[in-house]
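Values below: all heavy atoms of this structure, side chains included; hydrogens, waters and symmetry mates excluded.
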There are 2 protein chains.
Amino acid sequence: MRAAEAACRARKLRLTPARAFVLETLLESHQAMTAYEVLDRLAGAGLGSQPPVAYRALDFLVANGLAHRIERLGAFVACTHGGAEHAAAFLVCRRCRRVAETALPRAMRGLIDEAAAGGFAVETVVVEAEGLCDACREAGA
Amino acid sequence: MRAAEAACRARKLRLTPARAFVLETLLESHQAMTAYEVLDRLAGAGLGSQPPVAYRALDFLVANGLAHRIERLGAFVACTHGGAEHAAAFLVCRRCRRVAETALPRAMRGLIDEAAAGGFAVETVVVEAEGLCDACREAGA
DNA sequence: GCAGGATTTGTTATAAAGTAACACATGCCC
DNA sequence: GGGCATGTGTTACTTTATAACAAATCCTGC
């Protein structure tokens, strides 16, 4: 959180109350949250009650690398890297929705270059591995 | 299509009229189609008019590797590999929704092994690169 | 060829996720 | 302190996806 605040100051981004609240909420939740779950929290805090409020805050966080959208779940997680530019891969537990962020293998570079050779200009790469985390596997699929 | 039919026979899967129609539709469309676009075609062919009809056919095709769901778009494409077991990566044009399927870099293996070492059992990996295809880039972003 | 279980279809209804559009407020810079 | 960019509040709506259950169809062993 401190890191995020610092990153925003450094980049002249406005970490408004709603945005800060959403980021804190995501950081505290150890699972991916849907936009509507976030909205519930916002509403609880008196910061907004309509979907666009949640989507706008989430869009801001994602656009600035402070959060990530997990496509597979249509849900969001806080970034664990303090907002630095980076490409990440995610390990998504299908049972508890916990998400771990890991470095994107350098090998992805190969995919991007190969695509470029074929005339396709890659802008972003989504890598999401779905499976079972340790705890859920022990608890039985 | 022939290949798909053969694959279904080989695996004792029932490629019913609705399923076959959806697969053909996806094969002919050179872009990703949403479930509702598929449903429109189904309705046009008198094969069903309610969302579950489309979702069921699509779920069957995806479950059996005859089609893929593009998470980024919430849309579907026919598999271009005739249904063999395989892990694929996708190049998704954000402008025209055209999707190219390519082999998943062997390097993904590293991600999976690394995850396993950390106690996470990967079951499926989604790799989707978003960007601009050749034609759309020339036409201007 | 037919009983019985499994799979597939048809249908209604509803849930969940995401966006367009526009008026109003706020901050920021000169 | 006027003016422009950015952010907020709100209404209304679109798109995407499922639950649930009854009816039809298909396969399999006999």
Side-chain angles (χ1 to χ4, degrees), chain A residues 8-9 11-23 25-26 31-64 66-77 92 94 97 126 128 130, chain B residues 8-23 25-26 29 31-64 66-77 92 94 97 126 128 130:
Chain A
C8 285
R9 261 194 308 277
R11 287 190 280 159
K12 298 192 177 161
L13 298 173
R14 289 169 59 190
L15 193 58
T16 62
R19 292 168 179 177
F21 179 86
V22 171
L23 181 54
T25 301
L26 288 179
Q31 288 154 47
M33 295 181 75
T34 69
Y36 282 75
E37 288 167 349
V38 167
L39 180 56
D40 281 348
R41 305 296 183 88
L42 278 167
L47 284 168
S49 59
Q50 257 42 58
V53 175
Y55 281 103
R56 286 199 284 235
L58 289 166
D59 287 349
F60 169 86
L61 295 173
V62 169
N64 293 291
L66 299 169
H68 299 286
R69 181 194 156 92
I70 305 301
E71 302 292 338
R72 188 67 174 245
L73 301 176
F76 301 82
V77 292
V92 181
R94 68 171 151 79
R97 291 204 314 183
V126 172
E128 297 174 6
E130 184 169 289
Chain B
C8 284
R9 261 195 307 277
R11 287 188 279 158
K12 297 190 179 165
L13 298 173
R14 291 167 58 189
L15 192 60
T16 61
R19 291 168 178 178
F21 177 86
V22 171
L23 180 54
T25 301
L26 288 179
S29 156
Q31 286 153 47
M33 295 182 75
T34 69
Y36 282 76
E37 287 166 348
V38 168
L39 179 56
D40 280 349
R41 306 293 185 87
L42 278 167
L47 285 169
S49 60
Q50 255 42 57
V53 176
Y55 281 102
R56 286 198 283 235
L58 289 167
D59 287 350
F60 168 86
L61 295 174
V62 170
N64 294 291
L66 299 169
H68 300 286
R69 180 192 157 92
I70 305 300
E71 303 291 339
R72 189 66 174 250
L73 300 176
F76 301 82
V77 291
V92 182
R94 67 172 152 80
R97 291 205 311 185
V126 172
E128 297 175 6
E130 183 169 291

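Within the 4.5 Å cutoff, side-chain heavy atoms of A/Leu58 are placed close to those of A/Leu26. Contact check for A/Arg56 versus A/Arg19: no side-chain heavy atoms found under the 4.5 Å cut-off. Side chains of A/Cys8 and A/Leu66 form a contact here, defined as non-hydrogen atoms less than 4.5 Å apart.
Shown here for B/Ala57 and B/Val22, the closest heavy-atom pair between the two residues is CB-CG2, 3.7 Å.
At its two ends the helix from C/dG1-D/dC30 to C/dC30-D/dG1 runs along axes set 40° apart, each axis drawn from five pairs and the angle rounded to 10°.
The side-chain contact (heavy atoms from CB on, under 4.5 Å) check on B/Ala32 picks up B/Leu73, B/Ala75, B/Val77, B/Val99, with sequence neighbours excluded. Evaluation of the side-chain contact (heavy atoms from CB on, under 4.5 Å) rule for A/Glu71 yields A/Arg69, A/Val126, A/Glu128, B/Glu71, B/Arg72 as partners, not counting sequence neighbours.
For DNA chain D, the contact window with chain B, defined by any atom under 4.0 Å from a protein heavy atom, covers D/dT16 to D/dC26 in 5' to 3' order.
As rounded to whole Å, 10 Å separates atom P of C/dG18 from atom CG of A/Asp59. Rounded to whole Å, the distance from OH on A/Tyr36 to P on C/dA17 is 8 Å. Put simply, CG on A/Leu58 is 15 Å from C1' on C/dA16, counting in whole angstrom units. Protein atom CG of A/Leu73 is 15 Å distant from nucleotide atom P of C/dA16, rounded to whole Å.
In this structure, CG on B/Leu23 lies 5.5 Å from CG on B/Leu61, to the nearest 0.5 angstrom. From A/Ile70, atom CD1 reaches atom CE of A/Met33 across 14.0 Å, with rounding to the nearest 0.5 Å.
For B/Thr25 (side chain) and B/Phe21 (main-chain N/O), a donor-acceptor pair under 3.5 Å exists by modelled atom type.
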Would you mind writing out the side-chain donor-acceptor pairs for residues 34-43 of chain A within the sub-3.5 Å range, not counting sequence neighbours?
unit_1	atom_1	unit_2	atom_2	d
A/Thr34	OG1	A/Tyr36	N	3.4
A/Thr34	OG1	A/Glu37	N	3.1
A/Glu37	OE1	A/Thr34	N	2.9
A/Glu37	OE1	A/Arg97	NH2	3.1
A/Glu37	OE2	A/Arg97	NH2	3.0

Atom pairs under 3.5 Å, N or O on each side, protein against nucleotides 25-30 of chain C: can you list them with distances?
none

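A close approach under 4.0 Å does not occur between any side-chain nitrogen or oxygen of B/Thr16 and OP1 or OP2 of C/dT8.
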Exercise. Between A/Phe60 and A/Leu15, is a side chain to side chain contact (heavy atoms under 4.5 Å, CB included) present by the stated rule, with each step listed?
Worked result: CA-CA 9 Å; A/Phe60 169 86; A/Leu15 193 58; 4.3 Å; yes
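Residues from residues 46-53 of chain A placing a heavy atom under 4.0 Å of any atom in DNA chain C, listed by number, are A/Pro51, A/Pro52.
For the pair A/Pro17 and B/Ala75, nearest-nucleotide mapping onto DNA chain D gives the more 5' position to A/Pro17.
Between the side chain of B/Arg56 and the base of C/dG10 there is at least one donor-acceptor pair of N/O atoms closer than 3.5 Å.
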